[in-house]
Amino acid sequence: MNRIASVIVDVPTAQTDRSFDYLIPDELKDNLEVGMRVIVPFGNRQVQGFVIAFKETSTVSGLKEIIEPMDIEPVLNQELLQLGEFLANETLCLKISAYQVMLPPALKAKYDKYITLAKDREIGELPKELEPLFLKQKKVNWKDAEKLVPSSYLYRQARAGLFDVSYEIKNKGNKKKNIYYVPFSDQAQFLNKLNQLNLTGKKQLQVVNIYLQDFAPHTVKQIETKVPNARSSLNQLVSKGLLKKEEYEEYRDPYQNKKFQETKALPLTDEQELVIKPILDSIEHSTHEVFLLHGVTGSGKTEVYLQSIEKVMKNGKEAIVLVPEISLTPQMVERFKGRFGNKVAVLHSGLSLGEKYDEWRKIQRKEVQVVVGARSAIFAPFENIGIIIIDEEHETSYKQEDNPRYHARDVAIERGKNHHCPVVLGSATPSLESFARAQKGVYHLLTMQKRMNNSQLPVVEIVDMREELRTGNRSMFSTALLEKMRLRLERSEQIVLMLNRRGYSSFVMCRNCGYVLKCPNCDISLTYHKVTDQVKCHYCGFEMRTPKQCPECSSNHIRFFGTGTQKVEEELGRILPEARVIRMDVDTTTRKGSHEKLLTAFQEKKADILLGTQMIAKGLDFPNITLVGVLSADSSLHIPDFRSSERTFQLLTQVSGRAGRHELPGEVIIQTYTPEHYSINFAKEHDYLTFYQYEMMIRKRGQYPPFYYLALINVSHENLQYTYTVIEKITSFVRGQLADGKGETLILGPAVSPILKIKNRYRYQCLIKYKNEPNLISTLKQVLEHFQEDQVKRGLHISIDLNPYSMM
DNA sequence: AGCACGCCGACT
DNA sequence: GTCGGCGTGCTC
């Protein structure tokens, strides 16, 4: 019984996207579980795989045996295995990719290829170049050998029998282990043994004294702080049987050096009471329900989350909290750690591979009950989830932009169903999709309209920059904004300035011939970065020295147009020299922890102005901010994407919410060249509902979500002609399979992607709009299958995104 | 993905 | 005739 295991192998292709059966060797029978990773023979090599099921018979004869398990306990539980199937179906990804995405990256298999000299062959038979390598070690990394001789030679000689080739799976995420010296047995026996031994060594006695005091495990390092060079004495005590050596797994705790202020549950406002009641009911009765918590900025959503989680923990269950890119909001971590202490694991992209692995292990070992994290934390391997919370549910970072292209919200709801628990989506500006569902009664809508501390929403003023230009103000600051900034500086209150464009200028043009510097790899103009005197491409990372002469006409009238954060910083230094400015954008926050450092500095009032891109719009809660300035609301408005109005509204509302959250009242200035735009005007009024209704009307007219579902097929290749041929074939195939025009399905394309070329690849797309299309998934799978070969051999990329969030 | 098998052209 | 090019198909 159970002699056979079904395994999904780590070979990411469509042809191998199914299970393969393997015999379980007798010695593994009791130690192998579903959900473990194993190493299996596949073809003539070894690969990693996931055991997804056991069975007694197989339709395949001549099964091979599993070589060995990689885990002591399963890394995926039953629910996650099933969730993988769900992901593969819903996002058209390979099963193996679905499973990989659920694990911390440290557990992803990496293979190394090695060659060894075959038996009865001599080193002398090797070419001279390889000799030193083989003299040093028996097993030589293929990549190292490849650097010295052509790989064709290696292949030929391997076939001819000079080398044996082997594969080794290297496990990146090594557990951080420490060796501890532990007193042998219990205290009585320890003393007993000590008396028998009659120790003479001075150092040994010193060491024993330490153990007599605390009777606890110590590392060599710890002992050596009291007894220098104690290593050999410790080892002697081990050989005498008084101590024993043990390896303990040690966690790298990224927050270990930080003190968290302990907090208690705060009394809830009437609104909060009203809102939390149905959530607590759902927790109590273990019913799955999706709540949309719509609360204005500063209305105290977090306290509702915290107290819901408290209830869940009291019931002995676990909680998952998703926060958009958490490193952005250390304040959030603080609140959770402060309330729940070491019961919280934190997972986000700012951690190292090892740190992520350690946090994940705490979850796996049930040492924590709460996980706070970015998107992928939705796969936390809990087994008894009592609530899932997604804060800032409208954030686009919850959608993963490469395979598997999943949305954390969908996964959360699926897991909520599995665990019969509530899912809470919170936002001041819910996505249209979610709010529409709440309106239809699919989600349970909960509303909070008042700010805590009785503070008022800030007064928002729109400044027409065309008017400014007419009155002769050519600076990037309107008179109104500048005046209000001066006032804040006088009163030593703080200012937040947002400009959604990094770098110095947005494009570089020759005034003589009109030539604009473009990226050689992408269809995008280059951005000037003054600090390094370089021009950079923000899509592929291309950078070069700024040319002194125009590459087209050789004139030296090269000028910089448009405004980025760097230029604003420079300008601020000129017009408000007394102001201390912190600039925060991708360029100043790449280093680990730099983000937090900048924010802390601002919090400690070491600066008057925080200037940044949209990354400063979220989550900041500093009482001293009384002015928010949006330098140009237009940059996010004119992106060719049907969601650009929604994003602009969300961004403006979020950033406005940074002002006047506490005692001091806040003010917001929005500068724009299109002051009549509805996104800007409804944001000014803090009127989500009217914005929602207006935008819904536009979506209905444009046949966009939430009225239609979308599927986007994107094709890219180095050759323009070939790319077009492929997308044309795909589009006409899809037209034939789906009810184009007949039912409520519309197929648009082929069309050029909004950015024709990125990283030297031309891009075309086809957009499918549908309401109910039972053939969709199978049709798209056929597309992928049909072009599978071209993808491998000709370097064609086809991506299919169901419910895309970026049309680029 | 990685590898064997197998069918065609250019050489000892 | 044979070596080696890379198109095709398979991996429990």
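Per chain, numbering begins at 1; letters A, B, ... match sequence-line order.
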Exercise. Starting at CD of Gln15(A) and ending at P of dA1(B), how long is that distance when rounded to a whole Å?
Worked result: 9 Å
Problem set entry | Check: Asp71(A) side chain, Pro74(A) main-chain N or O, donor-acceptor pair, under 3.5 Å | no
For this session: Any pair with a residue in residues 795-808 of chain A that passes salt bridge (Lys or Arg N to Asp or Glu O under 4.0 Å), sequence neighbours left out, goes on the list, sorted by first then second residue, please.
Result: Lys399(A)-Asp801(A), Arg405(A)-Asp801(A)
Exercise. Asn44(A) side chain: which of dA4(B), dT11(C), dA1(B) is closest?
Worked result: dA4(B)
For this session: Could you say whether the aromatic ring of Phe42(A) and the base of dT11(C) stack, counting only centre distances under 5.5 Å and plane angles under 30°?
Result: yes
Exercise. With under 30° as parallel and over 60° as perpendicular, where do the rings of Tyr99(A) and Phe50(A) fit, or are they tilted in between?
Worked result: tilted
For this session: In whole angstrom, give the distance that lies between atom CG of Asp21(A) and atom P of dT11(C).
Result: 13 Å
Seminar exercise, completed: To the nearest angstrom, the CZ-P distance between Arg45(A) and dC12(C) comes to 10 Å
Problem set entry | Rounded distance (Å) that lies between atom P of dC12(C) and atom CD1 of Ile39(A) | 16 Å
Problem set entry | Partner residues of Arg761(A) under the salt bridge (Lys or Arg N to Asp or Glu O under 4.0 Å) criterion, sequence neighbours left out | none
For this session: Calculate the interatomic distance between Asp17(A) atom CG and dT11(C) atom P; express it in whole Å.
Result: 16 Å
Problem set entry | Protein-nucleotide distance (Arg18(A), atom CZ; dC12(C), atom C1'), rounded to Å | 8 Å
Exercise. To the nearest angstrom, how far is Phe20(A) atom CZ from dA1(B) atom C1'?
Worked result: 12 Å
Problem set entry | Atom-pair distance (CD1 on Ile67(A); C1' on dC12(C)), nearest Å | 12 Å
